[in-house]
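Basis for what follows: all heavy atoms, side chains included, without hydrogens, waters or symmetry-related copies.
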Amino acid sequence: MKQTPVLIVGGGYAGLASALFLSHQGVPCLLVDRHPGVSLLGRARGINPRTLEIYRSLGLDERVKEAGRPFDEEAGVARCATLAGEWQWLFGDESPRALPELTAGELCMADQSTVEPILIEAARAKGAELWFDTQCRSIEPDADGVTAVVEDRATGERHTIRARYVIGADGYGGATRERLGIARTGLGPLRHFVTYVIKADLSEIITKRALFWIVGEPGGTASAAFVSHALRDHWGLSLLYDPDKESPDDFTDERCVAAAKAVIGRDVPVEIVSKASWTEAVGVADSYRSGRVFLVGDAAHVWPPAQGLGANSAVQDAHNLAWKLAAVLAGRASDALLDTYEAERRPVALELADVTVRSQAARFGSGPEDDLVDPVTCVLGQRYASTAMAGTPPESVFGDGVSRHALPGTRAPHLWLSLDGRRIGVHDLFHDSFVLLCGPGGEEWARVAVEGVRVYRVGSELVDVEGHWESRYGCDAVLVRPDGYVAWRSDDSASEDDPATRLTATLHQILH
């Protein structure tokens with residue numbers, strides 16, 4: 001029987017991010033995924049600034065941005081009857097990719113096929129075990145852990161795994177949620193697609209690249225979506241189908257080639273490279289935790305691709321959960337800390353499910369101008385209310401915009417800083433431990449030495465490049481969690497105790 005602190009079922013964005021963040025925290029983990037490797041399908045296009053901010057703290061941002069270079073010249077969304085016909089631009093190049101007032105992260109258009117190899121390499125370099133072409137056949141939780149049976153799909157050999165905790169990251173159609181008996185609430189399946197990658201020279205047809213094309217007769221229902229691919233002369237095509245009348249197996253290569261030529265609008269040579277099916281749906285799991293098993297990513301929530309929030313939320317789920325598992329496994333926190341994962345991330349998912357449904361209806365309906373969703377707030381303005389912080393919690397997931405004042409439950413406001421002569425964003429400091437940020441008047445706090453807390457002082461080793469500390473933090477000390485969320489402010493509690501005693505008591509309150 002193989003032993004591991006954490007078993008991760010599923011090797012997409014959610015699973016790979018979980019393996020990366022856990023191993024970065026020093027937690028050994030084993031990931032199993034039924035697929036033989038990374039898919040060539042260019043799904044989940046777009047790394048939003050919050051996700052890149054997280055990758056940046058691990059030193060991966062430049063590699064991820066480089067993976068997105070093939071898409072740098074793309075902008076906007078076009079609608080057409082065929083690619084060779086006239087295009088109607090629904091949206092142009094309207095959104096800035098950098099928001100230097102709010103984050104050191106940027107919008108990067110890399111997709112799953114280009115980012116997953118980076119996550120795989122980084123997770124393995126930090127000690128994570130990744131078993132591909134391996135199917136999870138069963139999981140049996142008990143009071144002390146979880147026993148799982150996995151099968152090598154190439155050889156049929158089975159292995160028994162004993163884990164302290166399991167992360168179910170096996171997607172919308174995965175078995176983990178169903179095995180746990182957790183229901184999913186929402187609109188359910190909306191549309192069904194067969195998606196495939198073709199190889200075709202379209203240089204004479206596509207002279208300006210959109211983020212994607214909606215294909216269908218003017219005024220009618222869209223029949224297909226068309227996107228570019230990271231590989232030269234490769235393109236992605238998604239076709240709608242009715243599962244009551246046919247199945248993905250009915251989409252033979254010959255049928256897919258004919259459909260691709262119809263979408264292109266010319267009889268050009270087309271080669272089928274890769275093919276899969278997927279379901280657009282809306283639903284959020286009624287619980288994110290069942291004992292020692294947790295759901296992340298599409299296993300926990302699904303919604304339409306409008307605003308590109310699905311895969312990014314999967315990474316952010318994993319980021320929220322990983323530091324909490326690490327703290328519990330190391331004995332620094334009680335099991336109750338793990339309940340705050342659902343308390344924080346599920347309300348966000350419920351809000352985003354509603355937001356994306358409304359946004360998609362507006363953007364791709366008759367009135368795209370009616371889309372009132374603020375994508376910046378959706379990405380950078382998510383707020384948490386749980387016991388994993390001390391102070392007055394936020395009243396709702398989203399406020400009026402991105403908070404620029406450090407309050408418990410909000411993402412720590414962005415600062416440009418200088419550390420050892422290097423320009424950094426404040427979130428570069430948050431990744432593997434709590435951080436106590438001390439202001440110019442926080443000399444007493446800066447001398448505090450508490451296990452599991454790194455201390456920095458603005459005005460000493462940290463230079464506040466733009467002078468925003470007072471307006472955005474405005475107190476002697478702020479405690480920030482490893483995921484970059486504010487846990488506590490020194491002016492939130494009146495006490496005559498010395499700083500070390502106050503900080504120790506606050507950490508105990510947060511972690512237990």
Taking the side chain as every heavy atom from C-beta outward, state whether [X] and [Y] have any atom pair closer than 4.5 Å.
X    : Y    : answer
L16  : L130 : yes
V77  : F212 : yes
D33  : T134 : no
D233 : L231 : no
R383 : F398 : no
Q382 : Y485 : yes

Holding to side-chain contact (heavy atoms from CB on, under 4.5 Å), I want the full list of residues that pass it with [X], two or more places apart in sequence or in another chain.
X    : answer
L190 : L187, E280, V282, P304
K2   : L30, E129, W131, I161
D250 : E246, S247, R255

Check this for me: does any side-chain nitrogen of one of [X] and [Y] sit under 4.0 Å from a carboxylate oxygen of the other?
X    : Y    : answer
E53  : R411 : yes
D267 : K261 : yes
E73  : R209 : no

Is a donor from one side chain sitting under 3.5 angstrom from an acceptor on the other, for S238 and T195?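 Distance-only check passes for S238 and T195.
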
Distance-only donor-acceptor check, side chains Y341 and R346, under 3.5 Å: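 Looking only at side-chain atoms, R346 and Y341 do not form any donor-acceptor pair under 3.5 Å.
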
Which pair of heavy atoms, one from [X] and one from [Y], lies closest together, and at what distance?
X    : Y    : value
L295 : S287 : CD1-O, 3.8 Å
I139 : A148 : CG2-CB, 3.8 Å
A122 : L20  : CB-CD1, 3.8 Å

Hey, is the main chain of G85 close enough, under 3.5 Å, to the side chain of T82 for a donor-acceptor pair?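 Yes, because the side chain of T82 sits within donor-acceptor range (under 3.5 Å) of the backbone of G85.
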
Listed partners of [X] passing side chain to side chain donor-acceptor pair (under 3.5 Å), at least two apart:
X    : answer
D286 : T185
D142 : R162
R153 : none
W87  : none

Side chain to side chain donor-acceptor pair (under 3.5 Å) with N320: which of R345, E342, E344?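 Of the listed residues R345, E342, E344, the side chain to side chain donor-acceptor pair (under 3.5 Å) partner of N320 is E344.
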
For F430 and H427, take the angle between the two ring planes, folded into 0 to 90°, and tell me which bin it lands in: parallel under 30, tilted 30 to 60, perpendicular over 60.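 Correct class here is perpendicular.
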
Once you measure the plane-to-plane angle for W213 and F226, does it fall in the parallel (<30°), tilted (30-60°) or perpendicular (>60°) bin?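 The arrangement is perpendicular - the two ring planes meet at more than 60°.
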
Give every residue pair that meets the ring pair (Phe, Tyr, Trp, His ring centres under 6.0 Å) criterion with at least one member in residues 104-125, sequence neighbours excluded.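 Matches after skipping sequence neighbours: none remain.
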
Does atom NZ of K199 have more than 12 heavy-atom neighbours, drawn from other residues, nucleotides or ligands, at distances under 6.0 Å?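 No - once you tally the heavy atoms of other residues, nucleotides and ligands closer than 6.0 Å, there are 12 at most.
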
Does D242, at its CG atom, have more than 12 non-hydrogen atoms belonging to other residues, nucleotides or ligands within less than 6.0 Å?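 Enclosed.
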
Write out all pairs satisfying side-chain hydrogen bond (donor to acceptor under 3.5 Å, both in side chains) with one or both partners inside [range], taking only residues at least two apart or from two chains.
range            : value
residues 113-123 : R63-E121, D111-S113, D111-T114, Q112-E116
residues 8-24    : H24-K126, H24-H431
residues 169-180 : D170-T176

Supply the atom-to-atom distance R164 CZ to L7 CG, rounded to the nearest 0.5 angstrom.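 The distance works out to 14.0 Å.
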
Rounded to the nearest 0.5 Å, how far apart are CD of E62 and CG of L52?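 It comes to 8.5 Å.
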
Please tabulate, for the side chains in residues 41-49, all donor-acceptor contacts under 3.5 angstrom to protein atoms that are two or more places apart in sequence or on a different chain.
{"from": "R45", "atom 1": "NH1", "to": "E74", "atom 2": "OE1", "distance (Å)": "3.0"}
{"from": "R45", "atom 1": "NH2", "to": "S228", "atom 2": "O", "distance (Å)": "2.7"}
{"from": "N48", "atom 1": "OD1", "to": "R50", "atom 2": "N", "distance (Å)": "3.1"}
{"from": "N48", "atom 1": "OD1", "to": "T51", "atom 2": "N", "distance (Å)": "3.0"}
{"from": "N48", "atom 1": "OD1", "to": "T51", "atom 2": "OG1", "distance (Å)": "3.3"}

Steps toward side chain to side chain donor-acceptor pair (under 3.5 Å) verdict (H301, D317): CA-CA 10 Å; H301 51 72; D317 288 345; 2.7 Å; yes

